[in-house]
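Everything on this sheet refers to the single structure shown next.
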Amino acid sequence: MIVSLLATFYKTLADRFGRRPFFILSALGMGGGMMICTYAKDAYSYFAGLLVLAFFTATDFQVLYVMEVSPDNKRGTFFSVTKSIGTLGIALIAVVRGSFMGSDGGNWRMVYMVPAFVGIALAIIAFFSCRETDVFMKRRIKTLERELSGETENTKNNGEDKIGFIAAFRMIIHNKQLLMQLISMALFMCAMMPFTGFYESLMTMGGMTTDQVTSALFAYPISWAVLLFISGFISDKKGRKFTVILFGIIAMLSQAGYIIGAAHGMNPTMVGVLLGGAIGSYWTSNNSILMMSAEVAPTRLRASVSSVFGMVSLVASLCAVALFIWLVTIIPLQTLCLFGGVVTLGLSMLFLVCTTKETAGMALDAE
């Protein structure tokens with residue numbers, strides 16, 4: 001998480017140098033991190049691979065790239081369709097796990113190797129097939145035109161050309177819409193641990209065997225991808241706020257379903273479907289808040305605003321992790337994940353509905 005926090009500052013460079021190079025580096029870094037883990041000879045080199053993986057995963061450049069290349073009135077749909085296809089790639093983990101691990105947890109290296117090769121290959125494809133986003137290029141052209149006409153000093157004095165983390169943070173403080181979205185996101189991330197941090201442990205504690213957990217892990221990305229796929233159509237038609245609430249409720253119900261089901265002999269595939277509903281709906285709501293912030297932020301600071309959101313989210317997550325680590329010593333894990341997730345997610349959704357405006361269909365500001 002600390003490395004992910006550092007990645008938020010790295011992300012601001014996309015406002016200066018463009019989205020495309022960092023989009024490619026992100027995919028290459030994630031694949032490279034998994035490759036280091038694959039060939040790790042000891043705990044230190046394995047941990048180094050996890051640090052690389054965490055750093056480039058936290059940048060999340062693909063989200064910003066997809067948003068800027070999508071039509072304004074179909075941004076939610078384009079985002080959800082592309083991300084749902086990517087989410088199906090998670091099923092590859094269960095396939096490789098089932099093929100090479102079986103009931104022996106010692107054969108773990110191939111679980112990293114296969115997606116590592118896929119990630120590196122996709123980075124190479126992106127290098128030759130992806131171009132810079134139009135909205136960034138328009139902004140860059142305007143900046144160069146101002147420099148040629150001698151207007152640069154005036155715009156800098158007015159704050160119109162300032163970029164970076166500090167400039168984005170100051171703008172958020174003075175922009176009520178972005179500030180309320182940031183607080184909602186921080187509250188939302190406090191629910192990350194109960195929704196995403198213990199799911200395999202919860203299944204094992206419920207009495208599921210290694211093979212049954214593998215079956216569940218094979219099913220969960222499929223239901224996740226289906227929910228993510230339809231979320232974009234709902235988001236463009238009904239709005240971002242409606243989507244946050246709808247999928248937040250689905251996440252709560254699915255969380256309760258798979259925790260109770262795992263402990264009472266539910267079919268492993270069904271446990272996986274509910275697990276995918278819980279995690280998928282949780283991140284779908286999260287993505288909707290992130291999309292709202294990107295639609296409000298100006299192009300010159302969009303990556304930097306995303307970095308501020310990422311930093312605050314990580315700080316909130318770290319605080320929540322510390323709290324849950326303490327609470328788990330006095331409260332059963334199943335109870336903590338069930339009620340802790342519901343309370344924190346519910347507060348976030350309530351705050352978002354009461355304090356923010358709808359952003360669906362907004363044109364991305366090239367300024």
Side-chain angles (χ1 to χ4, degrees), residues 1-14 19-66 82-83 85-97 99-101 105-127 130 189 192-193 195-201 217 220-221 224-225 279-280 282-283 286-287 290 303 306-307 309-311 313-318 320-321:
M1 285 190 171
I2 295 172
V3 169
S4 299
L5 188 62
L6 296 176
T8 61
F9 295 97
Y10 165 77
K11 190 171 183 175
T12 63
L13 295 174
R19 321 307 192 202
R20 177 181 177 272
F22 296 99
F23 172 65
I24 296 168
L25 283 172
S26 180
L28 188 63
M30 286 187 281
M34 287 187 285
M35 191 63 73
I36 294 172
C37 290
T38 299
Y39 292 103
K41 299 297 183 183
D42 51 41
Y44 297 105
S45 53
Y46 177 81
F47 187 66
L50 290 183
L51 292 180
V52 173
L53 181 60
F55 181 87
F56 286 100
T57 301
T59 59
D60 214 17
F61 278 111
Q62 64 272 22
V63 172
L64 183 62
Y65 187 88
V66 170
T82 53
K83 194 137 188 172
I85 294 172
T87 301
L88 285 174
I90 298 175
L92 183 62
I93 298 173
V95 171
V96 176
R97 178 186 169 108
S99 300
F100 296 98
M101 282 181 61
N107 299 324
W108 56 268
R109 293 182 186 273
M110 289 300 294
V111 179
Y112 279 99
M113 181 180 290
V114 175
F117 276 119
V118 173
I120 293 171
L122 289 175
I124 295 172
I125 293 172
F127 179 82
C130 294
M189 291 303 292
M192 185 181 73
M193 284 304 289
F195 273 96
T196 70
F198 302 107
Y199 59 88
E200 191 165 345
S201 298
L217 293 179
Y220 99 91
W224 180 351
I279 298 179
Y282 174 80
W283 287 120
N286 178 283
N287 290 336
L290 182 62
S306 178
S307 296
F309 270 67
M311 186 203 72
S313 296
L314 280 166
V315 170
S317 299
L318 285 168
V321 167

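Throughout, numbering of the chain's residues begins at 1 and tracks the sequence. Quick note: numbers below take in every heavy atom, side chains included, and nothing from hydrogens, waters or symmetry partners.
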Checklist line | Under the ring-ring contact (aromatic ring centres under 6.0 Å, His included) test, residues paired with F9 that sit two or more places apart | finding: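 ring-ring contact (aromatic ring centres under 6.0 Å, His included) list for F9, sorted by chain: F165.
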Notebook entry, point to check: Which side chain to side chain donor-acceptor pair (under 3.5 Å) pairs, counting each pair once, include a residue from residues 28-44, with sequence neighbours left out?
Noted result: D42-S45
[atom1]/[X] to [atom2]/[Y] distance, rounded to the nearest 0.5 angstrom?
X	Y	atom1	atom2	result
Y220	E200	OH	CD	9.5 Å
Y282	N287	OH	CG	10.5 Å
L50	I36	CG	CD1	9.5 Å
I24	I124	CD1	CD1	11.0 Å

Return the set of residues passing side chain to side chain donor-acceptor pair (under 3.5 Å) with [X] (not counting sequence neighbours), or none when no residue passes.
X	value
S201	none
Y10	none
S307	none

Non-hydrogen atoms of [X] and [Y] that approach each other most closely:
X	Y	result
V52	G29	CG1-O, 3.6 Å
G49	C37	C-SG, 3.6 Å
C130	Y65	CB-OH, 3.5 Å
A14	R19	O-NH1, 2.9 Å
L53	T57	O-OG1, 2.6 Å

Taking the side chain as everything from C-beta on, heavy atoms only, tell me whether [X] gets closer than 4.5 Å to [Y].
X	Y	answer
M192	N286	no
V66	F23	no
F127	R20	yes

Next item on the list: Using the side chain to side chain contact (heavy atoms under 4.5 Å, CB included) rule, take W283 and L290 through it: C-alpha gap first, then chi angles, then the decisive distance, then the call.
Entry: CA-CA 10 Å; W283 287 120; L290 182 62; over 6 Å; no
Next item on the list: List in chain and number order the residues that pass side-chain contact (heavy atoms from CB on, under 4.5 Å) with S26, two or more places apart in sequence or in another chain; answer none if no residue qualifies.
Entry: M30, T59, F61, Q62
